[in-house]
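Below, chain A is the first sequence line, B the second, and so on; all start at residue 1. Since this is a predicted model, take the numbers as computed values, not measurements.
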Amino acid sequence: MPELPEVQHVVDTLRPHVTGVRIRAVRLHRNDIVEPMGFDLSKALTDRSIQNVSRRAKRIVFSLDDGQSFYIHLGMSGRLIASEPNATVAKHTHLMIEIDRPVVSQIRFVDPRSFGGIFWTNDDTELGPEPLTISSSILARQLAGTKRIVKSALLDQKLIAGLGNIYVDESLFDARIHPERISSELSREEVGRLCRSIKSVLKRAINSGGSSLRDYVDANGERGGFQKLHRVYGRAGEKCVKCRSAITSKVLGGRTTAFCPRCQMK
DNA sequence: GTCCATGTTCTTTA
DNA sequence: CTAAAGAACATGGA
């Protein structure tokens, strides 16, 4: 579910529920989703208040009143939902944070596939620059340093942090760049186009509330609408919206990749 | 039963 | 060292 636009939308919908709110209790139903393993989340969070919620790459970062911070990563199927305390507890609810609010008084982390988790650290030095604010020259520098195909490079969070399979494919289509082009061989003009495309695709996705394929909903349980606007992702065999050629699908770097063979020439 | 999935990380291989 | 390929993690839907 969660690439940058989905995570941003979760953060935006979560913020009004938790900003300035005190944590009353923490119920952890699975301790292997907390890193470091064995960390006492309850001790660290109880009676602290949440100063702010923000996004870094695909991470949902919580800042506390004692200056500490931690993040939740949604993995592939994670949801973070504001709930009423008496709402039915969904299967695979791994964490419930009780907050000091009269109505919506729980934040629940539900994650069937358990690829997500809670990470007690604020170290983001492993992450590359943010896609929404990266400059064309920085992107060019990042891409110049690798001979991998551009599809794989853009998925590398150390190179640029926040894109995933959907938005890499959509951005490459928008920029008319073939996913198998060698990163370091892109022209300055192509990188400029790619930089603009990444931002416009992500902004449009955020404005649509993200892409809901199966699991994804925001903190209020609402689905996004950007899946209806996908131009290549999930459209293999269908006609290209620009040239009517058939959209091609191919596994690249272990990930299914959709592109238009005519609009995105090698 | 099979295949596939919006993510990340590790191992093997070249 | 770089990078590609494959597997692993766990679950559910088609």
Side-chain angles (χ1 to χ4, degrees), chain A residues 1-11 29-37 55-60 71-80 90-94 109-119 121 123-124 126-128 131 142-173 179-185 198 201-202 204-206 208-218 223-237 249-258:
Chain A
M1 51 155 303
E3 298 181 35
L4 187 152
E6 291 76 37
V7 175
Q8 184 64 57
H9 201 57
V10 170
V11 166
H29 298 153
R30 260 188 86 137
N31 52 5
D32 61 345
I33 59 162
V34 178
E35 196 189 297
M37 264 277 265
R55 180 192 60 75
R56 168 72 170 113
K58 300 175 190 173
R59 302 174 175 180
I60 299 165
Y71 72 88
I72 291 181
H73 197 295
L74 299 174
M76 202 84 120
S77 60
R79 298 174 170 199
L80 208 49
K91 202 174 171 182
H92 307 298
T93 299
H94 304 320
F109 177 54
V110 184
D111 184 12
R113 293 172 71 178
S114 298
F115 289 171
I118 298 103
F119 300 81
T121 176
D123 179 16
D124 72 345
E126 296 287 288
L127 294 175
Q142 298 291 81
L143 291 171
T146 180
K147 291 175 180 165
R148 294 141 85 194
I149 58 173
V150 66
K151 161 80 182 199
S152 300
L154 294 176
L155 283 173
D156 184 344
Q157 304 296 300
K158 292 188 275 300
L159 220 142
I160 180 168
L163 303 178
N165 210 26
I166 297 174
Y167 297 104
V168 167
D169 284 6
E170 291 296 322
S171 298
L172 287 171
F173 173 81
E180 289 179 284
R181 290 286 303 284
I182 302 301
S183 304
S184 58
E185 292 176 357
I198 287 170
V201 166
L202 292 178
R204 276 182 273 141
I206 292 168
S208 305
S211 301
S212 285
L213 301 183
R214 38 171 69 81
D215 300 292
Y216 168 68
V217 289
D218 67 23
R223 289 169 57 82
F226 195 66
Q227 66 281 2
K228 294 173 194 152
L229 302 177
H230 290 171
R231 295 191 288 178
V232 287
Y233 183 88
R235 294 191 70 244
S249 177
K250 187 175 183 184
V251 176
L252 297 174
R255 309 300 298 275
T256 299
T257 301

Item to check | Spacing of A/Ile166 atom CD1 and A/Glu6 atom CD [to the nearest 0.5 Å] | outcome: 5.5 Å

Checklist outcome for this item: When rounded to whole Å, the NZ to C1' distance for the pair A/Lys158 and B/dT8 reads 9 Å

Next on the checklist: Measuring only the P atom in each nucleotide, how far is B/dT2 from C/dA7? A whole number of Å is fine.
Outcome noted: 15 Å

Next on the checklist: Under 4.0 Å, counting only non-hydrogen atoms across every strand here, what does A/Gly254 touch: a base, just sugar-phosphate, or nothing?
Outcome noted: nothing

Item to check | Protein-nucleotide distance (A/Asp111, atom CG; B/dG7, atom P), rounded to Å | outcome: 13 Å

Checklist outcome for this item: Atom CG of A/Leu127 and atom C1' of B/dG7 are separated, to the nearest Å, by 13 Å

Next on the checklist: By the 4.0 Å heavy-atom rule, please label A/Lys91 as base, sugar-phosphate, or nothing.
Outcome noted: sugar-phosphate

Next on the checklist: So A/Arg59, base contact, sugar-phosphate only, or nothing? Heavy-atom distance under 4.0 Å.
Outcome noted: nothing

Next on the checklist: Output the rounded distance in Å from CG (A/Leu155) to P (B/dG7).
Outcome noted: 7 Å

Checklist entry - Which part of the nucleic acid, if any, lies within reach of A/Tyr233 when heavy atoms closer than 4.0 Å are counted: base, sugar-phosphate only, or nothing? => result sugar-phosphate

Checklist entry - Can you tell me how far the NZ atom of A/Lys151 sits from the CG atom of A/Asn165, to the nearest 0.5 Å? => result 3.5 Å

Item to check | Identified salt bridge (Lys or Arg N to Asp or Glu O under 4.0 Å) counterpart of A/Asp124 within the set A/Arg55, A/Lys58, A/Arg56 | outcome: A/Arg56

Checklist entry - Is the shortest side-chain N/O distance from A/Thr256 to OP1 or OP2 of B/dA5 below 4.0 Å? => result yes

Next on the checklist: Can a side-chain donor-acceptor contact be found between A/Thr93 and A/His29 if the only test is distance below 3.5 angstrom?
Outcome noted: no

Item to check | Face-on cation placement of A/Arg59 at A/Tyr71 ring, 6.0 Å and 45° thresholds | outcome: yes

Checklist outcome for this item: When A/Leu80, A/Leu74, A/Ile60 are each screened for side chain to side chain contact (heavy atoms under 4.5 Å, CB included) with A/Pro2, the one that passes is A/Leu74

Item to check | For atom CG of A/Asn165 and atom P of B/dA5, their distance in whole Å | outcome: 8 Å

Checklist outcome for this item: A/Tyr167 OH to B/dT6 P, in whole Å, measures 12 Å

Checklist entry - Do any side-chain nitrogens or oxygens of A/Lys58 fall under 4.0 Å of OP1 or OP2 in B/dT8? => result yes

Checklist outcome for this item: DNA chain B nearest-nucleotide lookup for A/Gln157 and A/Arg113: closer to the 5′ end is A/Arg113

Next on the checklist: So, OP1 or OP2 of B/dC4: does either fall under 4.0 Å of a side-chain N or O from A/Arg214?
Outcome noted: no

Checklist outcome for this item: Nearest heavy-atom approach of A/Asp111 to A/Gly116 is OD2-N, 2.9 Å

Next on the checklist: Need the pair for B/dC4. Rule: Watson-Crick or G-U wobble, both distances under 3.5 Å, any strand; none if unpaired.
Outcome noted: C/dG12

Checklist entry - Which atoms form the tightest heavy-atom contact between A/Val10 and A/Val217, and what is the distance? => result CG2-O, 4.1 Å

Item to check | Bounds of contact between DNA chain C and chain A, in 5' to 3' order, using a heavy-atom cut-off under 4.0 Å | outcome: C/dA3 to C/dG12

Item to check | B/dT6 and C/dA3, which share atom name C1', separated by this distance in whole Å | outcome: 24 Å

Checklist entry - If you look at every strand shown and take non-hydrogen atoms under 4.0 Å, does A/Thr146 touch a base, only sugar-phosphate, or nothing? => result sugar-phosphate

Item to check | Residue whose nearest DNA chain C nucleotide is more 5′ - A/Leu252 or A/Arg30 | outcome: A/Leu252

Checklist entry - In Watson-Crick or G-U wobble terms, both distances under 3.5 Å, what is the partner of C/dA7? => result B/dT9

